[in-house]
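Atom set for the values below is all heavy atoms of this structure, side chains included, hydrogens, waters and symmetry mates excluded. Proteins get letters first, then strands, A, B, ... in listed order; numbering begins at 1 in each.
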Amino acid sequence: MASSETAPAAGQRTRGLASFLRSQMRNIAPFLTLIFLSAFFAVASPSFATIDNLGNILTQVSVTGVIAVGLTFVILCAEIDLSIASIANVTGIAVAYFTLQESYVNIPNIPLPGVAAILLALLLCAALGLVNALGLTVIGIPSFIMTLAMMQIAAGISALLVRGQIAYKVPSLITTLGSGSIGGIPWIVIVAAIMLLAGHLVLTYTRFGRYVYMVGGNREAAEYSGLNVKLILGAVMIISAVCSGIGGMLGVAHFGSAQQNEFDTYLLDSIAAVVVGGTSLFGGRGGIGNTIVGLFVLGVLNNGLDHVNIDSFLKILIRGLILLAALIINVYAQRLREKAAE
Amino acid sequence: MPEGRPILELQGITKSFGGVEALRGVDFALHPGEIHGLVGENGAGKSTLMKIIAGVHTEFSGRFLIDGQERHFRSARDAHAAGIAMVHQELSVAPDLTVAENVFLGNQPTNALGLVQWRRMAREAGEQLARFGIDVDPMSRLGDLPIGLQQLIEIARVLFSGARIVILDEPTSALSPPEVERLFATLRRLREEGTAIVFISHFIEDILRVSDTVTVFRNGRKVAETASAATTKGALIEAMIGRGGEALEHSYTDDLMLPRPSDSQVVLKVDQLSLARSLKDVSFEARAGEVLGIYGFMGCGQQELSRILFGKLKPDAGTLVVEGAPKTFASTAAARRAGVALVPESRRAMLFHQEPVYKNISISILDRISSLLLKPAQERDIAQRQVEQLQIRPPVVGLDLGMLSGGNQQKVALAKWLTYPPKLLVLCEPTRGMDVGAKNDVINIVRDLRARGLAIIVLSTEPETVLSLADRILVLKRGTLVREFKNEPVSKDRLLEAA
Ligand SMILES: Nc1ncnc2c1ncn2[C@@H]1O[C@H](COP(=O)(O)OP(=O)(O)O)[C@@H](O)[C@H]1O
Ligand SMILES: [Mg+2]
């Protein structure tokens with residue numbers, strides 16, 4: 001065989017473009033969706049395709065974007081994190097809890113200097129991520145279940161901290177990053193862009209990033225290659241929790257208040273952004289580039305539906321249908337790729 | 001041999017898979033109250049013939065008669081209706097169902113409303129299993145039990161299904177000696193009741209002890225059929241592998257002289273290793289510059305042993321000492337750091353089919369070539385060198401691994417470990433499923449590594465693989481080491497004889 005075998009590479013070339021397109025379907029489909037939606041809303045509403053509105057869309061997807069960075073790591077490893085919104089919420093509440101509130105806010109909180117408040121809040125979300133990591137890797141609870149429990153635990157901590165009240169003040173650094181802007185560009189958009197870029201660089205250019213893809217691509221093979229799979233899985237759970245925490249702090253500043261259940265919609269939005277963007281639910285395929293496209297699809301859809309005259313209750317259904325379509329493409333793309341590889 | 005009308009008769013059965021002729025004109029008859037042993041090397045066609053009888057393969061040529069009537073099964077269900085039940089070589093239980101559900105698979109007792117009578121089912125399952133000497137909670141999940149026990153339960157299900165023809169395809173590989181005894185007692189009782197039984201096993205003593213008739217297969221043909229009382233282990237082995245007959249390149253039927261044991265440095269010392277039902281008190285040493293072969297039948301504990309050496313499984317007892325330092329590997333990463341490398345029998349288990357060749361080769365050594373940032377150019381260089389050295393075809397490191405042929409994938413699996421060679425290389429079935437050319441390439445690679453001073457352990461269920469590579473051979477039988485060949489002549493017969 002060593003000498004007589006003809007190179008399959010030649011066969012691959014003759015199969016050519018069709019096969020290439022099929023293997024790239026998970027990258028192409030979201031992009032086409034984005035172009036189609038943008039074109040549709042641009043025609044349907046004159047107020048949609050404006051610079052101002054682009055700014056709106058960017059701002060609207062920023063918090064989701066920050067959370068989705070960490071979630072991308074998790075989904076690339078073929079795991080899931082359902083506690084992202086709850087951890088975002090509790091971290092946002094924690095940073096307010098450690099900040100001096102106006103006298104009319106009736107929360108028995110512990111005011112600290114801003115830097116300390118931020119560090120403690122970060123520590124909290126990292127610790128919750130660590131619990132997720134230990135549950136998943138040491139005890140062996142599936143991430144789906146483990147993070148479901150964490151979702152409740154984080155919500156419980158939130159409830160204990162604010163006790164049904166609303167806090168308004170966060171450290172000034174957070175206030176600036178969440179609601180300020182520089183040269184007309186909101187800081188929150190800049191932060192989201194930096195985090196997405198950082199996530200992309202880590203996934204593409206570092207050894208850790210390669211491990212993430214390999215563990216997601218074939219966990220058994222990663223183990224048989226002598227990788228410390230548990231360490232990598234643990235790390236992505238912590239990364240996810242910290243990204244959620246940062247998103248939570250910025251979100252609180254952006255909304256101007258910290259309260260229970262403030263982030264509930266962000267769970268679905270973040271998962272949708274990652275999956276709609278084409279990152280494989282089976283792990284190993286996709287990345288931050290996909291997540292960015294997914295964020296834009298979601299942002300354009302949410303924003304565009306506000307610009308056209310449509311029953312607001314119907315919007316929820318439309319979003320669900322788009323998500324379903326994306327899931328079908330996601331699973332289908334995986335099959336096509338597997339066929340191509342055989 | 002039994003007289004009278006056969007319950008089952010096959011005439012001139014021929015079956016091919018694509019271009020491969022698995023059976024060529026086989027005649028086979030089975031009588032009521034007969035235990036019929038079937039032996040033959042891996043790939044001789046035993047399982048294929050049995051699957052035809054059990055209605056799994058429905059496309060074949062030849063005549064198929066039951067009670068003298070010509071039949072053609074269209075499915076396993078038809079065979080079942082005709083009173084044929086089979087335990088397949090590959091475990092075919094439903095791991096997520098309870099033990100009781102597995103015992104009654106397909107015919108659960110129901111009440112007038114059609115609801116499953118759980119209590120009755122559990123009780124009857126418990127009774128049946130107890131008759132077979134199995135003490136297990138019928139309501140426990142089957143997948144949680146050890147493999148050997150699962151296999152016993154599967155056997156019990158088939159034996160007590162009331163079938164007139166029972167086929168057991170290598171059922172004993174994962175069973176302990178007392179369990180084998182209980183199985184044989186049950187088989188003899190069923191024989192008294194007039195059941196016809198086909199029993200396939202690599203354990204020729206077992207076949208001779210329990211069966212009335214033995215049929216030998218070789219290369220898709222029936223080459224012998226004799227009364228068990230009238231033959232010997234040696235004669236059967238000879239019939240199985242043939243002398244000079246089919247012109248195989250190396251048939252390893254003649255004696256081969258093993259070299260004097262080396263006295264180089266001991267790289268690995270294994271002491272009193274035990275693992276649940278799989279391994280018992282296994283002790284041996286592997287030395288630098290030596291290839292240690294470990295031979296045994298499927299299910300003899302080889303797979304578990306290799307996983308323990310690489311930190312994937314934790315032994316219940318025993319110690320590993322690598323270059324003088326005792327080790328308990330918490331993970332495969334720890335084993336790798338200690339200088340141990342494993343190539344498992346399944347390529348799927350250690351390769352990334354959707355990633356390019358160079359990433360497959362570099363994954364195990366990334367920490368040596370980069371601390372934080374990847375160095376793709378260097379990765380490609382290293383991969384290119386390995387690809388050239390091992391003559392991997394096509395020599396394109398950017399190609400997805402899935403595009404390579406099986407033999408070349410196996411070479412990539414080896415290449416992963418070769419840039420920074422480990423101290424101990426454990427190879428499971430390194431040449432399985434390869435053609436002659438690829439096999440030779442692998443043999444040369446292993447010899448080259450031995451010359452570079454690695455300690456190498458080759459585990460295989462194929463005598464040829466062990467014989468072609470090893471300097472010293474251990475025989476593993478049902479979890480214990482039963483024989484060591486060193487500095488002495490060895491051949492396929494001698495190995496089979498020992499196992
Ligand atoms: N489903 C299948 N597809 C293709 N080839 C097969 C299949 N099953 C068996 N074979 C081939 O048929 C031959 C006989 O195999 P088998 O009956 O399993 O042998 P045995 O049970 O004696 O070890 C082998 O060469 C094997 O590779
Ligand atoms: Mg077989």
For A/Phe144, I'd like to know if atom CZ has over 12 heavy atoms of other residues, nucleotides or ligands within 6.0 Å.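 No, not enclosed.
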
Can you tell me if A/Gln152 has over 12 outside heavy atoms packed within less than 6.0 Å of its CD?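 It does not: A/Gln152 CD has 12 such atoms or fewer within range.
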
Once you round to the nearest 0.5 Å, how far does [atom1] of [X] lie from [atom2] of [Y]?
{"X": "A/Glu223", "Y": "B/Lys312", "atom1": "CD", "atom2": "NZ", "value": "4.0 Å"}
{"X": "A/Ser225", "Y": "B/Lys416", "atom1": "OG", "atom2": "NZ", "value": "2.5 Å"}
{"X": "A/Leu227", "Y": "B/Thr332", "atom1": "CG", "atom2": "OG1", "value": "7.0 Å"}

For chain B, which residues from residues 276-284 of chain A lie under 4.5 Å away (heavy-atom distances)?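 Residues in range: A/Gly284.
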
What parts of residues 196-209 of chain A touch chain B if we use heavy atoms and a cut-off under 4.5 Å?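 Only A/Thr204, A/Tyr205, A/Thr206, A/Arg207 of residues 196-209 of chain A have a heavy atom under 4.5 Å from chain B.
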
Top residue by heavy-atom pair count (under 4.5 Å) with chain A, among [options]?
{"options": "B/Pro376, B/Ser364, B/Ser331, B/Ala349", "value": "B/Ala349"}
{"options": "B/Ile392, B/Asn360, B/Leu342, B/Leu351", "value": "B/Leu351"}
{"options": "B/Arg307, B/Lys375, B/Arg337", "value": "B/Arg307"}
{"options": "B/Ala413, B/Ala334, B/Ser370, B/Ala330", "value": "B/Ser370"}

Can you name the closest pair of heavy atoms from A/Gly226 and B/Trp417 and give their distance?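 Where A/Gly226 meets B/Trp417 most closely, the heavy atoms are N-CH2, 4.5 Å.
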
Which atom pair, heavy atoms only, marks the closest approach of B/Asp367 to A/Tyr211?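 Smallest heavy-atom distance, with atoms named: N-OH, 3.9 Å.
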
Can we say B/Glu355 and A/Arg210 salt-bridge, meaning some charged N sits less than 4.0 Å from an Asp/Glu carboxylate O?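 Salt bridge absent between B/Glu355 and A/Arg210.
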
Between B/Ser346 and chain A, with a heavy-atom cut-off of 4.5 Å, which part of the residue counts as in contact: side chain, backbone, both or neither?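 Neither part; nothing is under 4.5 Å.
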
Heavy-atom contact with chain A under 4.5 Å, split by part of B/Ser362: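 For B/Ser362, the contact with chain A is made by the side chain alone.
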
Does the pair B/Phe310 and A/Tyr224 meet the rule for a side chain to side chain contact (heavy atoms under 4.5 Å, CB included), with working shown? CA-CA 8 Å; B/Phe310 194 54; A/Tyr224 279 117; 4.2 Å; yes

